[in-house]
J.: 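Handing you this structure, nothing more for now.
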Amino acid sequence: TGFRDLLMDVSLAPDSIIIQRARLNDERAEQDTAAIEGAIYRSDARWRADLRTVARNLRVIDDPRTAEADVSWQLRMRGPLDSLALGGDVTVPQANLFIGRQRRRALALDEDRAADETASQFAPRLEGVRLRLGNEVRLRSPEANVQLTGEVAAAGTLDEPDIRGEIFA
């Protein structure tokens, strides 16, 4: 997937980064966008963040061998950098997930425990992140074309989330 027209208005100071606006457009359609605004700042000897991001029909996956997906979201991430909280809504209005076609290794990962520990230290805590599947989300294979719909909510940590809701096929 490709993006174009990144526009940014950012202020830097020794104790803060203020993002007045940062916006990019999907190369397929100018009205399909993602934006972020907010601040990362030092307060009471700790670095904190208060960021809001919005996207509309952004193509986040574009690989016809594995998946194609457009996503819209309204999310907020805030708190100390070592214990951020993420909340909001994510909608997948259109997606195709292909099974049975891929015969190549898409990604190979070597275990790196130090990197995993560092990454998990800064991974946000989920606080009411809701995922909705629209009417054009499909699981496809040479033998099947299954429509998926539904909604789930996630809370907790990324490595042990509490996910509740229903996905219908």
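Starting from 1, each residue takes its place in the sequence as its number.
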J.: Any chain of hydrophobic side-chain contacts (each under 4.5 Å) joining Val92 to Val152?
T.: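 Hydrophobic grouping puts Val92 with Val152.
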
J.: Can you find a pair of side-chain heavy atoms, one from Leu158 and one from Pro124, that are under 4.5 Å apart?
T.: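 With C-beta onward as the side chain, the pair touches.
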
J.: So which of Arg130, Glu166, Arg164 actually passes side-chain contact (heavy atoms from CB on, under 4.5 Å) with Glu151?
T.: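 The option that passes is Arg130.
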
J.: Taking all atoms of both residues into account, what is the closest heavy-atom pair of Ser83 and Arg125, and its distance?
T.: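 Looks like O-NH1, 3.3 Å.
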
J.: Judged by modelled atom types alone, do Thr53 and Trp73 share a side-chain donor-acceptor pair under 3.5 Å?
T.: yes

J.: Please assess Val90 against Leu75 for the test side chain to side chain contact (heavy atoms under 4.5 Å, CB included), listing each intermediate value before the final yes or no.
T.: CA-CA 8 Å; Val90 178; Leu75 297 168; 4.0 Å; yes

J.: Mind checking whether Leu81 and Arg48 have side chains closer than 4.5 Å, heavy atoms only?
T.: no

J.: Phe98 versus Glu68: any side-chain heavy-atom pair under 4.5 Å?
T.: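 With C-beta onward as the side chain, the pair touches.
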
J.: Going by side-chain contact (heavy atoms from CB on, under 4.5 Å), Arg23 matches just one of Val54, Ile36, Thr33. Which one?
T.: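 Testing each of Val54, Ile36, Thr33 against Arg23, the sole residue satisfying side-chain contact (heavy atoms from CB on, under 4.5 Å) is Thr33.
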
J.: Of the non-hydrogen atoms in Ile163 and Ala154, which two are nearest, and what is the gap between them?
T.: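 That closest heavy-atom pairing would be CG1-CB, 4.2 Å.
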
J.: Do Asp50 and Arg52 have side chains that approach each other closer than 4.5 Å (heavy atoms only, starting at C-beta)?
T.: yes

J.: What are the two closest non-hydrogen atoms of Pro93 and Ser72, and how far apart are they?
T.: CD-N, 4.3 Å

J.: Decide whether Tyr41 and Leu12 are clustered together by the hydrophobic rule: side chain heavy atoms of Ile, Leu, Val, Met, Phe, Trp, Tyr closer than 4.5 Å, transitively.
T.: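 Different clusters: Tyr41 never reaches Leu12 through Ile, Leu, Val, Met, Phe, Trp or Tyr contacts under 4.5 Å.
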
J.: Would you call Ile17 and Val10 a side-chain contact if the rule is heavy atoms closer than 4.5 Å?
T.: yes

J.: Indicate, with yes or no, if Met77 and Ile18 share a hydrophobic cluster defined by side-chain heavy-atom contacts under 4.5 Å among Ile, Leu, Val, Met, Phe, Trp and Tyr.
T.: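 No, Ile18 and Met77 fall in different hydrophobic clusters.
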
J.: Answer yes or no: is there an ion pair linking Arg59 with Asp70, defined by an N-O contact shorter than 4.0 Å?
T.: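 Between Asp70 and Arg59 there is a salt bridge, with a charged N closer than 4.0 Å to a carboxylate O.
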
J.: Would you tell me whether Asn96 and Arg140 have side-chain atoms, one donor and one acceptor, within less than 3.5 Å of each other?
T.: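 The answer is yes; a qualifying pair exists.
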
J.: If you measure from the Lys or Arg side-chain nitrogens to the Asp or Glu carboxylate oxygens, is any gap between Arg42 and Asp44 under 4.0 Å?
T.: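 Salt bridge flag = no for Asp44 with Arg42.
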
J.: Minimum heavy-atom separation for Leu84 and Ala49, please, with both atom names.
T.: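 Answer, listing the atom of Leu84 first, then Ala49: CD2-CB, 3.8 Å.
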
J.: Looking at side-chain heavy atoms only, is the closest gap between Asn145 and Arg138 below 4.5 Å?
T.: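 Yes, their side chains come closer than 4.5 Å.
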
J.: Can you confirm whether Asp162 is buried at CG, in the sense that more than 12 heavy atoms of other residues, nucleotides or ligands lie under 6.0 Å from that atom?
T.: yes

J.: Test side chain to side chain contact (heavy atoms under 4.5 Å, CB included) on Leu51 and Arg76 and set out the steps.
T.: CA-CA 6 Å; Leu51 301 168; Arg76 184 171 187 188; over 6 Å; no

J.: How close do Ala34 and Leu58 get, counting heavy atoms only, and between which atoms?
T.: CB-CD2, 3.6 Å

J.: Is the shortest side-chain heavy-atom distance between Val71 and Thr91 below 4.5 Å?
T.: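 The answer is no, as the side chains (C-beta and beyond) never meet within the 4.5 Å cut-off.
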
J.: Of the non-hydrogen atoms in Ala169 and Leu148, which two are nearest, and what is the gap between them?
T.: CB-CD2, 3.9 Å

J.: Take Gln94 and Val137 through the side chain to side chain contact (heavy atoms under 4.5 Å, CB included) test and state the conclusion after the steps.
T.: CA-CA 5 Å; Gln94 185 278 326; Val137 176; over 6 Å; no

J.: Hey, could you give me the CG/CG distance between Leu131 and Leu133, rounded to the nearest 0.5 Å?
T.: 5.0 Å

J.: From Ile99 CD1 over to Thr66 OG1, what is the distance, rounded to the nearest 0.5 angstrom?
T.: 12.5 Å

